[in-house]
Protein chains: 2
Amino acid sequence: MANDIVDNFVASGNSARMDDIAKALPKSGPPAAEIADWVRSQIRANRFVPGQRLVEVDIIRRTGGSRFKVREAFQRLAAEGLLEIEEFKGAFVREASLDEVAQLYRARAALEGICAGDFARQASDADKEKLRIIAEKMETCVESGSPEQFGRLNSEWHAMLMHVTGNHVIADIVSRLNTPVHHLLFESFYRGDRMTEATKDHRAILDAILEGDAPAAEQAMRRHVENGLQFLTSLDKALFGT
Amino acid sequence: MANDIVDNFVASGNSARMDDIAKALPKSGPPAAEIADWVRSQIRANRFVPGQRLVEVDIIRRTGGSRFKVREAFQRLAAEGLLEIEEFKGAFVREASLDEVAQLYRARAALEGICAGDFARQASDADKEKLRIIAEKMETCVESGSPEQFGRLNSEWHAMLMHVTGNHVIADIVSRLNTPVHHLLFESFYRGDRMTEATKDHRAILDAILEGDAPAAEQAMRRHVENGLQFLTSLDKALFGT
DNA sequence: GTCAACAATATCGTTAGCCATCTTTTTGTT
DNA sequence: AACAAAAAGATGGCTAACGATATTGTTGAC
């Protein structure tokens with residue numbers, strides 16, 4: 001992501017053709033949305049940690065965007081709940097309290113539960129098979145011990161479960177719910193036997209879906225997300241708590 | 001809120017010199033959040049209708065905010081999903097499709113269901129009594145036929161149900177879910193016998209809560225919200241559909 | 001009379017520069 | 001040596017001006 005921006009910026013400066021420049025130059029810098037994406041990715045990668053102050057000039061230096069765009073991006077991120085902006089002090093990465101995270105997880109459990117029920121009810125056999133295949137790949141990840149691949153597949157699995165039945169809006173809400181705690185999510189698969197537990201949960205959900213038992217699928221999904229929360233809280237205690 | 005802004009505008013509009021104002025008013029215009037609130041309220045009151053174009057200068061004139069702040073507010077509202085911004089065309093009030101509204105309602109049903117369950121489990125007797133009293137007031141509104149009072153109490157009822165058990169984050173999510181369809185909500189209580197039906201639903205929820213039956217409370221709340229959606233879809237068909 | 005091309009206006013997007021505010025550092029006094 | 005006050009540096013906020021684009025109105029030809 002960062003490279004995209006830099007390349008884009010450099011490219012527009014180095015272009016040779018007049019035509020190319022004519023079309024490339026109107027956008028002198030990266031658009032505000034791109035800057036927001038970049039900051040978001042930095043936060044997700046734990047490169048920007050909660051409480052850290054985001055200095056405008058610094059972001060401008062790194063992204064090549066103008067001050068105006070950077071501030072627009074900050075506003076967007078603040079509206080998303082990722083940043084907090086204080087007068088004359090600037091933007092900070094928002095720190096989500098454990099209680100807040102718990103509520104976000106409970107919300108996610110409810111929403112993904114709905115989607116799991118929908119999937120059990122409406123999804124075609126082909127879609128169910130797709131879901132099964134991804135789950136299978138994840139199991140091989142557990143064996144080979146590759147948590148980042150597991151994480152990617154996990155995201156894909158959850159996203160597909162929601163999008164297949166057309167619940168794009170709910171999926172969007174869920175993704176926003178995830179963002180503030182994504183750096184913890186990322187770390188969670190490295191610790192303990194979270195992967196094996198998650199796999200067990202996935203299997204339970206998949207079984208309910210294959211049997212067409214929507215309420216069971218919903219319940220299983222809820223339990224799965226709530227297990228994730230429980231793991232996260234124990235992780236938090238181990239890291240920061242006494 | 002709106003009056004504050006208007007008064008502010010009139011004051012600055014009638015003054016003679018810009019310089020005088022700059023020195024006379026050490027406090028600058030309303031902050032971006034306030035402008036966003038104002039625009040939001042205008043949309044809620046159906047004064048800004050879906051598809052309408054929001055011209056920057058117009059908002060500046062009306063709110064007294066600077067162009068920068070207005071644009072910041074637009075960004076925030078776009079992130080909230082209320083507006084859509086197109087390049088060189090400006091901000092439009094976003095039109096929520098019926099499918100989108102349906103998903104928002106299903107999400108709301110799930111989230112408020114959780115809170116209803118929490119309430120049944122954790123709320124004190126005093127809080128339960130408070131909830132009962134509000135419901136009682138709403139019943140008198142049905143008899144006397146005052147829908148806007150009913151609407152206010154309804155908001156209070158739902159808000160209290162969530163906040164009492166500390167689910168502030170979930171309540172916040174729900175309020176954002178409501179915003180895009182609030183103008184329809186506003187109209188809904190004027191039509192048919194929605195008020196009496198809602199009252200019946202509320203009574204069922206309250207009964208489950210008073211008995212301490214959390215799952216029943218959750219289910220009742222879900223049904224209540226889903227009934228609201230059903231009413232809204234029928235209303236939409238009656239207004240626009242064939 | 002209608003349609004198309006061109007011009008004019010209005011609006012949006014961007015940048016640069018100035019002003020207000022906060023933080024930190026330095027200096028002076030107790 | 002410690003604390004307070006003032007000044008300097010840094011940071012964010014705001015306005016004004018400029019360039020790009022869409023929309024609208026007008027004029028001319030078919």
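Chain A is the first sequence line, chain B the second, and so forth, proteins listed ahead of strands; every chain is numbered from 1. None of the values given here were measured: they were computed from a predicted structure.
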* Asked: Can you check whether B/Ser66 has a side-chain N or O nearer than 4.0 Å to OP1 or OP2 of D/dT15?
  -> yes
* Does B/Lys69 make a side-chain N or O approach to OP1 or OP2 of D/dC14 shorter than 4.0 Å? -> yes
* Could you check whether A/Ile85 gets within reach of a base, just the sugar-phosphate, or nothing at all, counting any heavy atom under 4.0 Å? => nothing
* How many Å lie between CZ on A/Phe68 and C1' on D/dA20, as a whole number? -> 15 Å
* Asked: What residues form a side-chain contact (heavy atoms from CB on, under 4.5 Å) with A/Ala73, not counting sequence neighbours?
  -> A/Ile35, A/Ala36
* Structure fact -> Expected list for residues 72-82 of chain A near DNA chain D, using heavy atoms below 4.0 Å, is none
* Should B/His158 and B/His224 be marked as a ring-ring contact (aromatic ring centres under 6.0 Å, His included) after you check the CA-CA gap, both sets of side-chain angles, and the distance that decides it? -> CA-CA 11 Å; B/His158 281 271; B/His224 171 47; 5.3 Å; yes
* Asked: Closest heavy-atom contact between B/Val39 and B/Leu54?
  -> CG1-CD1, 4.0 Å
* Of all the nucleotides listed (D/dG13, C/dG13, D/dT11), which has the minimum atom distance to the side chain of A/Val55? -> D/dT11
* To do: Ignoring hydrogens and angles, state whether a donor on the side chain of A/Asp99 or A/Ser97 is under 3.5 Å from an acceptor on the partner side chain.
  => no
* To do: Would you mind reading off the distance between B/Arg53 atom CZ and D/dA22 atom P, rounded to a whole angstrom?
  => 11 Å
* To do: Using a cut-off of strictly less than 4.0 Å, decide whether A/Arg67 has a side-chain nitrogen or oxygen near OP1 or OP2 of C/dA16.
  => no
* Distance, rounded to the nearest Å, where B/Glu87 contributes CD and D/dA20 contributes C1' -> 10 Å
* Can you tell which of C/dT15, D/dG12, D/dA20 lies closest to the side chain of B/Phe88? -> D/dA20
